[in-house]
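Values below: every heavy atom of this structure, side chains too, minus hydrogens, waters and symmetry copies.
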Amino acid sequence: MKLFSRERLRQVVMVGGIESFGVILSGIAGLLIVNVLPKDQYAAYTFLVACTTLMMGITDLGVAHCCMPVVGQRTRDVPWVVAVCHHVFHKRWLLLSLGLVIIVPYWYFTSREHRWTGPGYWLASVVAMGGVLVTLREHNANTVLLILGKISTLNRVAFSTHAVRIAFVGLVLLLPMSSYSTAGLIAATVAASIVSLMLYMRAFRDQHIGDHRLDADTGRRVDGEIIRIAKPLILPAIFYQVQGVVTVFIVSLFGTANMVAEVGAFGRLAMALVVVDRVANILLFPAIARAQTGPRFVRVLAQVHGLYLLAMACTFMTSLLFPQYWILLLGEQYRSMTPLVWMMFLSSLLSNAAGFAFRTLTVRGATARQSFSIVATLITQVLYLWLVGISDLKSVLGFGLASSVASCVFQYAMLLARWREWRTAAPTAA
């Protein structure tokens with residue numbers, strides 16, 4: 001596992017360039033939506049995106065983290081990789097029904113509460129649900145190609161998908177604003193996912209990646225591994241999927257539509273933070289999953305996490321020194337939020353860092369004791385609500401910040417504990 005090899009740096013530059021391009025286009029699309037959509041429509045748009053995000057999260061429940069550890073070092077065995085991913089994602093499809101049971105009543109209640117009604121809103125909701133179905137299949141294909149190391153294919157698909165989405169978003173925003181604009185914007189994202197899925201399917205055909213399944217005996221053994229890896233993650237997965245959109249849900253239940261729009265707008269600024277995470281997901285974590293334990297492995301991990309935290313710190317400094325320039329991206333209707341930019345950035349940075357540590361653990365199958373993270377976060381949240389409460393946008397952002405601090409501290413404590421084990425272990429396959 002060479003961090004600074006020429007081939008690794010070439011891949012980082014290539015993937016980083018494509019992901020940066022994608023983030024720039026996504027950021028432009030998101031900022032156009034923030035600037036053009038009226039606040040009431042943007043609030044509804046933010047709410048629907050949060051609902052679909054949580055529904056996708058419920059299909060996870062720890063299961064999504066099983067593919068790489070179960071495949072292990074057999075990344076060149078195409079039938080094995082395809083069959084394992086299909087086996088894992090079949091369970092995610094089953095979990096989708098649980099997501100519907102949870103999300104649909106909440107969606108209905110909140111929609112009625114904020115008077116988000118009418119044919120345009122109902123259409124947007126239906127399109128959003130269709131997007132979940134497409135995205136789940138897209139993630140399956142992406143995971144297969146990621147484990148197989150088809151980096152150039154992933155880059156081409158990502159480039160095309162980003163270009164399609166910005167084109168459709170631009171087309172919708174050029175049309176006169178109406179009650180159907182929200183549905184059009186969600187449809188633009190769904191259309192990009194459909195294009196992505198079509199390109200993945202064509203790549204499968206061109207690279208002769210067939211449709212493979214596990215036999216009954218192997219399927220039972222893989223089920224045992226899935227249960228071992230996912231069981232400690234079920235409760236944390238449920239909890240942190242809710243945490244991922246908790247600020248939107250809090251303001252949608254107890255705040256105004258204006259506050260929902262402001263929280264959603266702040267989320268657009270966090271787009272700048274995802275480039276490093278996407279590069280790590282494509283290049284770093286598959287390498288960590290198949291690397292051998294030992295002192296060298298731990299040294300590389302220390303270098304990776306040190307660089308990651310340094311990049312996050314530099315990004316945070318820009319929110320302290322130049323918040324007014326970040327707010328310029330959102331438009332005049334959000335200028336009053338300038339003093340709160342640092343809170344949004346710090347909360348997002350700590351959440352991303354916690355996720356980075358968590359992902360490092362899960363790709364090695366180190367999922368034990370994750371349920372204790374719920375206790376740490378809940379204690380922090382209860383203390384915050386008792387001492388501060390929820391009354392305005394600042395207190396909502398503070399709640400999210402406190403939750404992110406607790407999560408980040410816990411995940412890095414877990415990682416440091418594992419580092420001691422990995423450092424003293426004899427070199428052995430994951």
Say you draw a straight line from NE2 of H86 to SG of C67; how long is it, rounded to the nearest 0.5 Å? 11.5 Å

Looking at side-chain heavy atoms only, is the closest gap between V388 and F399 below 4.5 Å? no

Can you find a pair of side-chain heavy atoms, one from M68 and one from R359, that are under 4.5 Å apart? yes

With V127 via side chain to side chain contact (heavy atoms under 4.5 Å, CB included) - residues at least two apart: L123, I186, A187, V190

Could you name each residue pair satisfying ring pair (Phe, Tyr, Trp, His ring centres under 6.0 Å) that touches residues 122-150, not counting sequence neighbours? W107-W122

pair S181-Q41: side-chain heavy atoms closer than 4.5 Å: yes

Find out whether S348 and M344 are in side-chain contact, i.e. whether some heavy atom of one side chain is under 4.5 Å from a heavy atom of the other. yes

S403 and Y384: CA distance, side-chain angles, deciding distance, side-chain contact (heavy atoms from CB on, under 4.5 Å) verdict: CA-CA 9 Å; S403 303; Y384 182 88; over 6 Å; no

What do you reckon, is CE of M198 surrounded by more than 12 foreign heavy atoms closer than 6.0 Å? no

Are any non-hydrogen side-chain atoms of P323 and F345 less than 4.5 angstrom apart? no

For K394 and M343, which heavy atoms make the closest approach, and how far apart are they? O-CE, 3.5 Å

Residue pair S404 / S347, side-chain donor-acceptor N/O under 3.5 Å: yes

Nearest-0.5 Å distance, CG of residue L301 to CG of residue L415: 7.0 Å

Interatomic distance, CE@M129 vs CG@L100, rounded to 0.5 Å, equals 4.5 Å

Do the side chain of S319 and the main chain of T315 share a donor and acceptor less than 3.5 angstrom apart? no

Which heavy atom of G120 sits nearest a heavy atom of A183, and at what distance? O-CB, 3.8 Å

Does Y412 have its ring centroid less than 6.0 Å away from the ring centroid of F356? no

Please round to the nearest 0.5 Å and tell me the distance separating atom SG of C314 and atom CG of L309. 11.0 Å

Residue list, side chain to side chain contact (heavy atoms under 4.5 Å, CB included) with S196, at least two apart or on another chain: E138, V157, T161, Y200

What I'd like to find out is whether the side chain of C85 reaches to under 4.5 Å of the side chain of I147, using heavy atoms alone. yes

What's the separation between atom OG1 in T153 and atom CG in L146, rounded to the nearest 0.5 Å? 11.5 Å

Mind listing the closest non-hydrogen atom pair of V172 and G184 along with its distance? CG2-O, 3.6 Å

Where is the tightest heavy-atom contact between L48 and S125, given as atom of each residue plus distance? CD2-OG, 3.6 Å

Is there a side-chain contact (heavy atoms from CB on, under 4.5 Å) between I102 and Y106 once you walk through the steps? CA-CA 7 Å; I102 294 173; Y106 167 72; over 6 Å; no

Note, L94 side chain near H90 side chain (heavy atom, < 4.5 Å): yes

Quick one: do the T338 and Q324 side chains pair a donor with an acceptor below 3.5 Å? no

Would you say the side-chain atoms of T53 pair up with the backbone N or O of V49, donor to acceptor, closer than 3.5 Å? yes

From CG (L199) to CZ (R156), nearest 0.5 Å: 9.5 Å

Just by distance, with hydrogens left out, do Y121 and S111 show a side-chain donor and acceptor under 3.5 Å apart? yes

Closest non-hydrogen atom pair, H305 against A357: CE1-CA, 4.0 Å

Does the side-chain contact (heavy atoms from CB on, under 4.5 Å) test come out yes or no for T377 and F410, once each step is laid out? CA-CA 9 Å; T377 306; F410 180 87; over 6 Å; no

With a 4.5 Å limit on heavy-atom distance, are the side chains of V84 and H87 in contact? no

Applying side-chain contact (heavy atoms from CB on, under 4.5 Å) to V405 and T380, what does each step give before you reach the verdict? CA-CA 9 Å; V405 169; T380 303; over 6 Å; no

